[in-house]
Amino acid sequence: MRLVVVGNGMAGSRLVSEVRTRDPHMKITIFGAETCQPYNRVLLSNVLAGSSRPDQVRLLDSSWYAAHDVEAAFGSAVAHIDRETRHVVTEDGRREPYDLLVLATGSEAIVPPIPGVERAIPFRTLEDCERILESAQQARKAVVIGGGLLGIEAARGLAGRGLPVTLLHLAGHLMERQLDVEAGEVLGETLNGLGVEIRTGVSAEAVLEDGVRLAGGELVEADLVILACGVRPITKLAAEAGLEVRRGVVVDDELRTDDPSIFAIGECAEHDGMVYGLVAPAWEQASVAADVITGGKALYRGSRLVTRLKARSVELAAMGETHLTEEHAEVVRFSHRARGTYRKLVIRDGRLVGAILLGESDAVGTLTQLFDRGGPVPGDRAGLLFPGLSSAPVTENPTLIPDAAKICQCNNVTKGQIRACWEAGARDVAGVAAATRATTGCGTCKDAVEGIVSWLCEQEGISV
């Protein structure tokens with residue numbers, strides 16, 4: 001069996017490692033358009049902020065491929081799929097046969113068609129990140145165009161380096177897809193206090209040598225302009241091969257396209273009308289596809305999205321249907337704008353269908369588990385928002401978290417799995433990460449994993 005994977009990013013590299021875990025003998029070839037080894041794109045904001053080095057966000061060590069008998073072709077973009085003969089053809093003319101093919105081509109940055117946009121740098125790849133950092137060394141002021149997740153992370157990262165930053169956003173408030181109006185405004189006020197000037201409801205008309213001209217003629221001065229205007233799935237290869245493409249490459253519950261020998265996963269795939277732009281769904285899809293490819297039975301039923309903002313001094317989690325109002329659901333909210341705190345629960349039919357938590361909160365773990373499992377919401381709503389005020393014990397206490405509770409959302413790791421690998425000898429977070437991959441996605445579960453490991457060690461009287 002010959003497996004070919006197109007795309008060596010977060011989805012493709014995970015698929016290859018999952019397949020090799022299940023089948024030590026299958027012939028595997030993976031093509032990556034980027035010349036570098038796969039890296040964790042989620043953590044690029046840490047590189048921009050200076051809290052991580054580029055080598056610290058790599059996903060697979062360079063020696064992994066040879067050690068696991070996987071051929072990896074870096075800097076080798078696939079230009080054509082010959083479905084009739086079952087070959088892929090690279091831009092430099094190499095023809096590679098396949099029995100099964102997986103498309104993991106990911107997404108590309110949206111570049112708005114405005115004059116001078118070539119002067120701006122997109123924030124999407126590690127190479128982009130390195131270009132931004134190089135330019136930031138000489139820059140006096142920066143402008144970030146786009147107030148979604150990536151734009152906020154880029155702006156906060158540069159501001160943390162002492163560079164004055166203005167963030168421009170077309171919508172009326174930040175992260176409008178995930179946040180309601182008040183949450184977006186509170187987030188903007190928090191960022192403003194950290195050195196990021198927020199301008200919402202404005203449209204960039206041109207990128208000039210000395211800044212960005214807005215519709216209406218105003219010039220926002222800058223000598224570094226960063227684009228974070230969203231991404232679009234890379235589907236050209238699939239479309240030219242005659243596969244069904246809508247927003248993404250259309251797949252079924254086995255992640256197969258309309259050609260049963262070709263799969264698609266990650267940001268390029270569209271399942272049940274949804275294209276997911278987060279790492280957890282991509283890795284869930286990689287696991288399902290690996291099962292199917294190696295002869296197992298597995299189905300992908302979609303993912304429940306939890307968005308986490310990873311910017312220094314900014315804590316944000318948003319999940320589910322955050323825009324529902326009291327007309328359609330029970331809404332419980334608390335706002336303390338002076339402290340940068342906003343908390344909102346959206347409850348329907350006795351279950352948590354959405355939540356926003358902005359500002360430091362000890363409720364994130366409990367609410368994420370409730371949302372993920374779809375279990376009934378306790379009657380004490382205030383206790384959910386403020387666990388410390390509840391007369392009941394805090395459910396995030398490791399002794400009270402059930403083994404089935406998901407601790408690492410990105411890698412689908414439960415407390416029970418963490419306990420099992422601890423019992424097998426993992427006595428620290430690094431050991432747990434090596435065994436389960438917990439903490440290797442967005443990294444926001446690290447404190448929870450550390451707490452569980454520490455608690456287990458304490459129970460057994462083990463010093464760490």
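Side chains are part of it too, since the values below use all heavy atoms of this structure and drop only hydrogens, waters and symmetry mates. Bear in mind the structure is a predicted one, so any value in this text is a computation, not a measurement.
Counting only distance, with no hydrogens or angles, the side chain of R343 and the backbone of A355 share no donor-acceptor pair below 3.5 Å. Here the side chain of E134 pairs no donor or acceptor atom with the backbone of R131 at under 3.5 angstrom. Using modelled atom types, one side-chain atom of E270 and one backbone atom of R247 make a donor-acceptor pair closer than 3.5 Å. A donor-acceptor pair is defined here as one N or O able to donate and one able to accept, closer than 3.5 Å; no such pair exists between the side chain of D372 and the backbone of Q369. Here the side chain of T322 pairs a donor or acceptor atom with the backbone of Q178 at under 3.5 angstrom.
Side chains of V432 and T439 form no contact here, defined as non-hydrogen atoms less than 4.5 Å apart. Counting only heavy atoms from C-beta outward, the side chains of R2 and E96 never approach each other to under 4.5 Å. Using a 4.5 Å heavy-atom threshold, the side chains of T440 and C410 count as separate. A 4.5 Å side-chain heavy-atom check between R41 and L126 finds every atom pair outside the cut-off. Side-chain contact between L59 and M10: present, with at least one pair of heavy atoms (C-beta onward) separated by less than 4.5 Å. Residues L133 and R161 are in side-chain contact: their nearest non-hydrogen atoms beyond the backbone lie under 4.5 Å apart. Under the 4.5 Å side-chain criterion, counting only non-hydrogen atoms from C-beta, D23 is not in contact with M1. In this structure, the side chains of S261 and R83 stay at 4.5 Å or more apart for every pair of heavy atoms.
Once rounded to the nearest 0.5 Å, the distance linking OG1 of T307 with CZ of R177 reads 11.0 Å. Distance check: E176 CD to L170 CG gives 8.0 Å after rounding to the nearest 0.5 Å. The distance from the CZ atom of R20 to the CG atom of D69 is 5.5 Å, given to the nearest 0.5 Å. Rounding to the nearest 0.5 Å gives a distance of 9.5 Å between CG of L101 and CD1 of I293. With rounding to the nearest 0.5 Å, the separation of CG in L150 from CD1 in I226 is 11.0 Å. Note: C408 SG to I418 CD1 = 8.0 Å, rounded to the nearest 0.5 Å.
There is a side-chain donor-acceptor pair under 3.5 Å between D180 and Y342. For the residue pair T29/R94, the side-chain donor-acceptor check at 3.5 Å is not satisfied.
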### Task
Dump the intermediate steps for side-chain contact (heavy atoms from CB on, under 4.5 Å) on L174 and L167, then the final yes or no.
CA-CA 10 Å; L174 299 176; L167 188 151; 3.7 Å; yes
### Task
Take V292 and L299 through the test side-chain contact (heavy atoms from CB on, under 4.5 Å) and record every step on the way to the result.
CA-CA 8 Å; V292 175; L299 297 174; over 6 Å; no
### Task
Go through the steps for Q285 and Y276 under the test side chain to side chain donor-acceptor pair (under 3.5 Å), then give the verdict.
CA-CA 10 Å; Q285 292 172 3; Y276 297 95; over 6 Å; no
### Query
After noting the C-alpha distance and the side-chain angles of L43 and V47, does the key distance pass the side-chain contact (heavy atoms from CB on, under 4.5 Å) rule?
CA-CA 7 Å; L43 300 181; V47 176; 5.9 Å; no
### Criterion side chain to side chain donor-acceptor pair (under 3.5 Å) on D92 and T90, from CA distance to verdict
CA-CA 5 Å; D92 59 5; T90 65; 2.3 Å; yes
### Query
Please walk me through it: do V288 and E254 pass side-chain contact (heavy atoms from CB on, under 4.5 Å)?
CA-CA 7 Å; V288 170; E254 288 190 325; 5.8 Å; no
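Remark: A142 pairs with L158, L163, V165, L224 by the side chain to side chain contact (heavy atoms under 4.5 Å, CB included) rule, at least two apart or across chains. By the ring-ring contact (aromatic ring centres under 6.0 Å, His included) test, H173 is found to be paired with no residue, residues two or more places apart in sequence or in another chain being considered. Remark: H87 pairs with no residue by the ring-ring contact (aromatic ring centres under 6.0 Å, His included) rule, at least two apart or across chains.
The two atoms that bring R437 and R14 nearest to each other are CD-NH2, 2.8 Å, heavy atoms only. For the residue pair N411 and T436, the shortest heavy atom distance occurs at CB-O, 4.3 Å. Pairing each heavy atom of Y98 with each of I81, the nearest pair is OH-CG2, 3.9 Å. When all heavy atoms of C268 and L103 are compared, the closest pair comes out as SG-O, 3.6 Å. When all heavy atoms of F74 and P38 are compared, the pair lying nearest together is CE2-CD, 4.1 Å. Smallest separation of non-hydrogen atoms from L370 and P376: CD2-O, 3.6 Å.
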Side chains of residues 228-245: which donor-acceptor partners sit under 3.5 Å, not counting sequence neighbours?
residue: E244; atom: OE2; partner: R246; partner atom: NE; Å: 3.1
residue: E244; atom: OE2; partner: R246; partner atom: NH2; Å: 2.8

Side-chain donor-acceptor distances from residues 107-123 under 3.5 Å, at least two apart:
residue: S107; atom: OG; partner: E267; partner atom: OE1; Å: 3.4
residue: R119; atom: NH1; partner: V207; partner atom: O; Å: 2.7

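Of the charged side-chain nitrogens involved, at least one lies within less than 4.0 Å of a carboxylate oxygen, so that D55 and R53 count as a salt-bridged pair.
The neighbour count for E130 CD, taken as heavy atoms of other residues, nucleotides or ligands under 6.0 Å away, is above 12. Q56 CD: more than 12 foreign heavy atoms inside a 6.0 Å radius. The local environment of CG in D61 is crowded, with over 12 non-hydrogen atoms from other residues, nucleotides or ligands closer than 6.0 Å.
Each of V5, V102, L15 was checked for a side chain to side chain contact (heavy atoms under 4.5 Å, CB included) with I30, and the lone residue meeting it is V5.
Annotation: salt bridge (charged side-chain N to carboxylate O under 4.0 Å, His left out) contacts involving residues 276-297, sequence neighbours excluded, comprise R22-D291.
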